[in-house]
Amino acid sequence: MKEKQSVKELQPYVVNPIVCSVKLDANEGSKDLFKDLVKQLGEEFYLNVYPDDSYIDLKKSISNYVGCEISNICVGNGSSELLDLCIKTFVDRDELILSLDPSFAMYSIYAKIFDTKYMGAESEDDFVINADKFIHAIKENNPKVTIICNPNNPTGSMIKKDDVIKIIKSTDNIVIVDEAYMEFGDESVVEEIENYKNLIVVKTLSKAFSMAGIRTGYLLACEELVKTVEKVRPPYNLNSISAFLATKALEEKDKMIAYAKGIKKEREKVYKSLKDMNVKAFPSGANFLFFHSDIKNLEEKLVKEDVLIRKFGGKLDNHYRVTIGSEDENNEFIKAMKKFV
Ligand SMILES: *Cc1c(COP(=O)(O)O)cnc(C)c1O
């Protein structure tokens with residue numbers, strides 16, 4: 001065994017192998033929304049050639065969807081790859097990455113792999129994020145890169161756009177805003193990429209577009225930052241089938257918008273049902289709800305009812321995250337919960 005020290009201390013990322021009919025553990029979208037696109041690959045789709053490394057067709061449809069220039073876009077094999085590229089590009093060994101606590105687990109994993117320091121600024125009661133305190137943490141620690149997940153995973157907490165801008169303005173160093181779930185919220189800062197030369201917004205097709213299987217994400221920033229990240233991006237990092245399907249899905253963004261609207265409505269319904277059961281759920285701007293429950297072994301009990309949700313441990317013991325699925329799936333979840341409260 002000759003792995004480097006930082007990898008020695010790491011554990012593999014374990015994905016829950018349990019299979020249930022009602023799968024509400026991974027914030028995935030609708031299985032039907034874009035399933036017909038696969039047929040469009042057709043017989044003229046050749047697999048022998050490398051993808052177009054400029055990804056121009058995909059970038060055109062991203063630019064139409066977002067309202068930015070082609071030169072503001074970098075594409076990746078899921079937004080996870082783009083987060084990884086940003087850390088490789090901007091953070092040296094022993095420099096600091098500041099994020100929220102709790103937040104997306106991958107941030108600290110990438111930090112560990114690259115031997116950077118990592119710090120999560122603690123949120124307030126009920127996982128509310130106080131922008132002024134966060135800015136204080138930035139001033140005090142001067143992170144090389146700050147990552148804010150908005151809406152935040154796993155808590156669903158939203159930071160207002162004005163507050164995100166205050167955070168961006170508080171430092172000259174890079175601020176990455178991970179907007180994986182922003183189609184279910186309304187505080188995006190994508191229109192600000194030309195106004196702040198230290199801002200990077202990372203987005204994905206995995207959630208609202210319901211295409212987690214094609215592993216496609218994109219990064220939006222001013223041209224200069226995109227050029228810098230492009231130096232680190234491996235050629236052909238996104239496969240041609242994913243690039244094609246993502247291009248087509250973005251061209252039908254109205255489908256996604258209608259779907260996201262339905263999810264938001266369902267989210268409020270599930271929120272209210274949990275509240276009526278005296279289960280403490282936290283307000284969410286995403287396609288999931290985070291909640292607290294003292295019911296013993298709740299996850300295992302729900303699995304026996306064929307419903308899979310995500311449980312958290314450590315400091316977040318007795319906390320759970322449930323994805324908002326189809327109306328039927330959500331009803332199954334609520335029905336199962338009622339047996340145990
Ligand atoms: C799901 C998720 C992503 C998306 O990852 P992909 O690699 O694009 O599938 C990114 N950030 C957060 C916080 C997420 O929850």
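Just follow the structure's listing: the first ligand is 1, and inside any ligand the first atom is 1. In what follows, every heavy atom counts, from backbone to side chain, and hydrogens, waters and symmetry copies are set aside.
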Report task. I would like to know whether Glu81 and Arg233 meet salt bridge (Lys or Arg N to Asp or Glu O under 4.0 Å); could you show each step before the answer? Result -> CA-CA 9 Å; Glu81 183 188 31; Arg233 181 183 67 84; over 6 Å; no

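Taking the centre of each ring, Phe288 and Phe184 stay at or above the 6.0 Å mark.
Not a single donor-acceptor pair under 3.5 Å links the side chain of Asp163 to the backbone N or O of Ala131. A donor-acceptor contact shorter than 3.5 Å is absent between the side chain of Asp317 and the backbone of Gly313.
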May I have the list of side-chain donor-acceptor pairs in residues 30-37 shorter than 3.5 Å, sequence neighbours left out?
residue, atom, partner, partner atom, Å
Ser30, OG, Asp32, N, 3.1
Ser30, OG, Leu33, N, 3.1
Asp36, OD1, Lys39, NZ, 3.3

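Judged by the 6.0 Å and 45° rule, Arg267 forms no cation-pi pair with Tyr271.
Sorted by chain and number, the residues within 4.0 Å of ligand 1 by heavy atom are Gly78, Ser79, Ser80, Phe104, Tyr107, Cys149, Asn153, Asp178, Ala180, Tyr181, Thr204, Ser206, Lys207, Arg215.
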